[in-house]
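Encoded as structure tokens, the structure appears first; notes follow it.
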2 protein chains.
Amino acid sequence: MNKAQTLYELVWMSRPLMQAAEACVERGLTDTGLTVRMRAVLEMLLAHGAMPVPEIAARLDIQRQYVQLMVNETLASGFTVQQPNPRHKRSPLVGLSDQGRELIRDITQKEMDLMAAMGAGFSDAEVASALRVVHAVTAKLKTLAGEAE
Amino acid sequence: MNKAQTLYELVWMSRPLMQAAEACVERGLTDTGLTVRMRAVLEMLLAHGAMPVPEIAARLDIQRQYVQLMVNETLASGFTVQQPNPRHKRSPLVGLSDQGRELIRDITQKEMDLMAAMGAGFSDAEVASALRVVHAVTAKLKTLAGEAE
DNA sequence: GTCATAATGACATTAATAATGTCAACTATC
DNA sequence: GATAGTTGACATTATTAATGTCATTATGAC
């Protein structure tokens, strides 16, 4: 099979891969009270600290109105708390509660353990190379899709 | 960065990759009268020949009721035609019309050209290795997600 | 051939995810 | 202070897909 065909297959594998990953993540969330989208909020806050809703939206590349819903859910469940925002009185910072921090740390750690187990069959170089290719392909597709007509 | 972290990133890239790919495919379909899901039907029929709706559903791993809708759209647009099914009188084979065959061939060819252009930066080995990794990761995630509790 | 069971197309309902629209309150900038 | 932009809140719409139901018709065992 030539390179173009292989790339074609790689691109079309993105959907099955994503679906399998989502199913796996979802499975890891059972009995935690979290949904996949709430998890995304917590992960963002763990990685980058407390921030207002519009910033979460920008980083996740999702509409802020939708992120607002996601954040509201995490607030209602007590995984996040609002903190005064020195830079904006109307838009509080959303930060992890102790409960939320512990939970998301636990979850991501378990996911990482899974990845470690899954990497058994590959070399570091293979995996790193695969990531580079996927990154590059994604970037190129994005520029193509976004071109002016 | 260690292997597990790299794999983790690779898995999480599946969503951006898929979204970029879909946007690109959609862009290629403008003015063809096709939608992405109709395209999926035509591609299946081009690759594997005429088949009844339930078989398309099985191969696409989608509910047959939903595939029925997709197929009905392609029939309404004249991209597919019903043919008598010797193995089942109630469930006709769905096959490509001349128009549909020409269209899907044209579309996939253009997509393949795009892939060829995109492969410029990588070696055959890199791309092939990336596909192997993605395949294996997807398969492992699927088994994990499907395990009994 | 008859009958039980399964497959099929058709249609309806529900759900999840996300985009879009709107607005009043508020903030920042000039 | 006037004006334009930001934000949270809420409503509406769209897309994609799963699920439920049912009458019709095949299929397969006997």
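Each chain gets a letter, A, B and so on, in the order the sequences are listed, and its residues count up from 1.
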Sequence neighbours left out, what passes side-chain hydrogen bond (donor to acceptor under 3.5 Å, both in side chains) with B/Ser14? Give chain and number order.
none
Upstream residue (5' side of DNA chain D) when A/Leu69 and B/Leu69 are each assigned their closest nucleotide
A/Leu69
Atom pair distance, as rounded to whole Å: CG in B/Asn85 and P in C/dT8
9 Å
Using a 4.5 Å cut-off between side-chain heavy atoms of Ile, Leu, Val, Met, Phe, Trp and Tyr, which other residues end up in the same hydrophobic cluster as B/Val81?
none
dist A/Leu114:CG -> B/Leu141:CG (nearest 0.5 Å) comes out at 7.0 Å
List the protein contact pattern of nucleotides 22-30 of chain C with one symbol per nucleotide (5' to 3'): B for base contact, S for sugar-phosphate-only contact, - for none; contact means a heavy-atom distance under 4.0 Å.
B--BSSS--
Those residues at least two apart in sequence (or on a different chain) that pass side-chain hydrogen bond (donor to acceptor under 3.5 Å, both in side chains) with A/Asp106 are A/Lys110
In whole Å, what is the span from the CD atom of B/Gln19 to the C1' atom of C/dA18?
10 Å
Salt bridge (charged side-chain N to carboxylate O under 4.0 Å, His left out) partners of B/Glu102, counting only residues at least two apart
none
Does any pair with a residue in residues 114-137 of chain B pass side-chain hydrogen bond (donor to acceptor under 3.5 Å, both in side chains), and if so which ones, sequence neighbours excluded?
none
By side-chain hydrogen bond (donor to acceptor under 3.5 Å, both in side chains), B/Asp113 pairs with (sequence neighbours left out) B/Gln109
Connecting only ILVMFWY residues whose side-chain heavy atoms lie within less than 4.5 Å of each other, what is the rest of B/Met18's hydrophobic cluster?
A/Met18
What residues from residues 34-59 of chain A pass a heavy-atom cutoff of under 4.0 Å to DNA chain D?
A/Val53, A/Pro54
Rounded to whole angstroms, how far apart are CE on A/Met70 and C1' on C/dA16?
13 Å
First and last nucleotide of DNA chain D, 5' to 3', lying under 4.0 Å from heavy atoms of chain A:
D/dT7 to D/dA17
5'-most contact on DNA chain C: B/Pro92 or A/Tyr66, nearest heavy atom basis?
B/Pro92
Heavy-atom side-chain contact between B/Thr74 and B/Met70 under 4.5 Å
no
Among all residues two or more places apart in sequence or in another chain, which pass the side-chain hydrogen bond (donor to acceptor under 3.5 Å, both in side chains) test with B/Arg37?
B/Tyr66, B/Glu73
Look at the side chain of A/Lys142 and the backbone N and O of B/Pro16, then say whether any donor-acceptor pair between them is shorter than 3.5 Å.
no
Decide yes or no for A/Leu45 and A/Ile56: does some side-chain heavy atom of the first lie under 4.5 Å from some side-chain heavy atom of the second?
yes
B/Arg15 CZ to C/dA16 C1', in whole Å, measures 12 Å
To the nearest 10°, give me the bend of the helix from C/dG1-D/dC30 to C/dC30-D/dG1, comparing the axes of its five terminal pairs at either end.
40°
How long is the line joining CD of A/Gln68 and P of C/dA19, in whole Å?
15 Å
What distance do B/Arg39 atom CZ and B/Thr32 atom OG1 have between them, rounded to the nearest 0.5 Å?
10.0 Å
